[in-house]
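Values in this document were obtained by computation on a predicted structure and should not be read as measured data.
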Amino acid sequence: MSGYPFSAVLGMDEMRLALLLNAVSPAVGGVLVRGEKGTAKSTAVRALAGLLPPVDRVAACRFACDPAAPDPGCPDGPHPAGSAAERRPARLVELPVGAAEDRVVGSLDLEKALAEGVRAYEPGLLAAAHRGVLYVDEVNLLHDHLVDLLLDAAAMGRCHVEREGVSVSHAARFLLVGTMNPEEGELRPQLLDRFGLTVEVAASRDPAVRAEVVRRRLAADTDPAGFAAGWAEADAEVARRVAAARRGLPRVALPDAALRQIAEVCAAFDVDGMRADIVTARTAVAHAAWQGRDRVTADDVRVAARLALPHRRRRDPFDTPGLDEQRLDEALRRAREQHPDDDPDGGPDGTPGPDGGPGGGSGPDSGPVGGSGGPGAGDGPEGSTGEPGGGGMDPDGPGRSARGKGGAGGRDRSGTSDDAGRPGSPDDGRGTGRDGRWPANGQTGDGMGDESSNDRPGDGRPGAGRRPGDPGGAEGRPGTVAAPDRGLRARLLTAPGMGEGVPGRRSRARTGRGRTTGARVPAGRAGALHLPATVRAAAPHQAARGRSGGPLRLRPSDVREAVREGREGNLVLFVVDASGSMGARERMSAVKGAVLALLTDAYQRRDKVAVVAFRGTGAQTLLPATSSVLAASTRLAELPTGGRTPLAEGLLAAADLLRVEKLRDPKRRPLVLVVTDGRATAGPRPLDRATRAAAVLAATGAPCVVVDCESGPIRLNLARRLAAHLQAPHHHLADVTSDPLVGLTTRSVA
């Protein structure tokens, strides 16, 4: 079956440009594509491999050694000069989310190594991807240690396997492409920085463009071969441009003026380290080669900065990548003003020349990057630029067609807000107010709500852009919730006992990584070998097996694998009281600040999080279990307050969520944080119902911690009584946001 042609991908100019620049120069360091589901991320990446030039390799070499320069350390080598060669297409290797470390780097036949004393190495996915494309879909769901391993191999160009004293190393140079949906969780900043480029993609809101996308997809499904043939000429032209740009890459000069512009821009955005400068320079050189130039210009620097810097700017864990276009222009202007005599563009203002603008392929000689030579050119939706059916390279450059000038959160070419339908937007069915499911403040319960108590930061970050005393901030408007303190640090809350969940950094668990604590007979294929235990198991049987000397004689039953203790990530469930008794400005600000500190801690410890809030007459799951701590912080920022306190409903909703999650992810242990003052005022006999609900939640076996938000000189100690019913530790709000304290949960999991 023919794949979807690269040139037929409609729009997504920034993504396609980033992929092509990496194809021209793999030294750029790969690309991370971030965006909502259904935006052709995987389609474009899979189509890219067909545009890469074929590779020559030593015949029968499993590591695709180049006959002109074979790897001297190749496990299949050494390869003598003049070895037979064969040509094959560049490979696209896909790494599944559930892949084990042995599958990624390769595995050693431990039994053969111990019995015969030889290295029997089975190559992994990194070897298969050598001189091709390694594609990781949903890279944010991959275990952190595997992401580290991939990025290390991509940076060094080699894969190293060290197992029980046996060492294997082979070349692993590939174009690394990762895709992710930010709603499902973020990558750590350290890992984001290792990707050369990053782009944000979103579906167009223009009905004409969307209709053309559907038209092409249906045509491809109906006649895959015919559809691919119709775009073959356009794809061939793009492939020729990639090959020509690769040949011209060594001849591209990077003048000092362009280098100063790069340094000025990176300094202006306060990025950490020097990787940003290096990647931006490599990207600018690749873009110049792609445009057919032999000298880097200011346009190349601008394009490179827009692709290489958004994910590297210094930011909080809850910030989303983005780039301020105005700051970028000011940095480029400062560099030109400081050295006006050697402007890389040769002009007074650095405006684009006739050989192409900052969009990378928007000029008249840009060629069919968007498929302008393919079928349907000129008959697509009106207003389209240069692409068949309306998807050519945007004249405004990468990022503006899909995100607007400000990057994330902009507007597309149709002028429709790009944020429509996203989490927290008024019309996405999950917000607070218009959907009718979560009543607006002051409209339910006992009237204790505050009509303006919602804390809604403009950029999706709790408290972002607000400082105490700002006239436009929450503290400047009577009756609103003050911006929470983002400087708090949470104490370490852990689940008791020993788990076997997903590797993380919170609770004790038996994992594949960590310190060795014992040995066991493997249930299936052995993991990490426990060599002393294996030798001890085999030693008593050597005489019976006829061994009189030489290597140890092993049987599969002798092999023992190591039992290792590390840390796991948990499901941290926040059950937050949002009733009128919590609605005082100072108290709710303190609660949000403390929960934000706990969310930051969950982000750093690689937990999943969920948020249940209760107010008025019921409870609502604001956020189902997810790895996106950013989404949790956004929901928290939008949390309204007011009404009575349906404590029983909140506890029952938490118990229901835990039952569902136990079926979905049985190995991930939960940790429930009940943030309340312990009052119960909604419904008949509210305190009795809350007591029974607490017994239901305790029966799930999930360890709980009650965070007491009661304040003032007169205290009822209702939260302490709730903790007793939950068999949970009780801590005041201030106690969970100070110095680290391990083991606040003490009850074992049932």
Quick check against the 3.5 Å criterion: does [X] have a side-chain atom that pairs as donor or acceptor with the backbone of [Y]?
{"X": "S169", "Y": "H160", "result": "no"}
{"X": "R91", "Y": "G132", "result": "no"}
{"X": "T700", "Y": "L697", "result": "yes"}
{"X": "N22", "Y": "G30", "result": "yes"}
{"X": "N570", "Y": "V572", "result": "no"}
{"X": "T517", "Y": "V563", "result": "yes"}

Is the shortest distance from a Lys or Arg side-chain nitrogen in [X] or [Y] to a carboxylate oxygen in the other one below 4.0 Å?
{"X": "D56", "Y": "R88", "value": "no"}
{"X": "D558", "Y": "R555", "value": "no"}
{"X": "D708", "Y": "R720", "value": "no"}
{"X": "E568", "Y": "R669", "value": "yes"}
{"X": "E565", "Y": "R508", "value": "yes"}
{"X": "R668", "Y": "D607", "value": "no"}

Do [X] and [Y] touch side chain to side chain, with heavy atoms closer than 4.5 Å?
{"X": "V612", "Y": "V576", "result": "no"}
{"X": "L32", "Y": "L197", "result": "no"}
{"X": "K608", "Y": "L571", "result": "yes"}
{"X": "L309", "Y": "C266", "result": "yes"}
{"X": "V674", "Y": "L726", "result": "yes"}

If every non-hydrogen atom of [X] is compared with every non-hydrogen atom of [Y], which pair is closest and at what distance?
{"X": "R506", "Y": "L671", "value": "CD-CD2, 4.3 Å"}
{"X": "K41", "Y": "G35", "value": "NZ-O, 3.5 Å"}
{"X": "R560", "Y": "A519", "value": "CB-CB, 4.3 Å"}
{"X": "A610", "Y": "P624", "value": "CB-C, 4.0 Å"}
{"X": "R312", "Y": "A276", "value": "CD-CB, 3.6 Å"}
{"X": "A60", "Y": "D76", "value": "O-OD2, 4.1 Å"}

Can you list the steps and then say if H170 with F63 is a ring pair (Phe, Tyr, Trp, His ring centres under 6.0 Å)?
CA-CA 7 Å; H170 65 82; F63 301 88; 5.0 Å; yes
Apply side-chain contact (heavy atoms from CB on, under 4.5 Å) to V104 and list each qualifying residue two or more places apart in sequence or on a separate chain.
L95, A99, L126, L146, L149, L150
Of all residues at least two apart in sequence or in a different chain, which pass the side-chain contact (heavy atoms from CB on, under 4.5 Å) check with R536?
H530, P532, A533
Drop me the distance from R553's CZ to R545's CZ, to the nearest 0.5 angstrom.
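One finds 9.5 Å between CZ of R553 and CZ of R545.
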Apply salt bridge (Lys or Arg N to Asp or Glu O under 4.0 Å) to residues D193 and R275 and explain how you reach the verdict.
CA-CA 8 Å; D193 182 59; R275 184 176 284 117; 2.5 Å; yes
Kindly indicate, with the supporting measurements, whether the criterion salt bridge (Lys or Arg N to Asp or Glu O under 4.0 Å) is fulfilled by D148 and R194.
CA-CA 9 Å; D148 280 322; R194 300 292 295 276; 5.5 Å; no
Among L657, D665, L658, L573, whose side-chain contact (heavy atoms from CB on, under 4.5 Å) with P670 holds?
L658
Could you pull out all donor-acceptor pairs under 3.5 Å where a side-chain atom in residues 174-182 meets a protein atom, sequence neighbours excluded?
unit_1 : atom_1 : unit_2 : atom_2 : d
T179   : OG1    : Y135   : OH     : 3.1
T179   : OG1    : D137   : OD1    : 2.7
N181   : OD1    : E183   : N      : 3.2

Using side-chain contact (heavy atoms from CB on, under 4.5 Å), reason through L307 and V199 one step at a time and then give a plain yes or no.
CA-CA 6 Å; L307 295 173; V199 292; 3.6 Å; yes
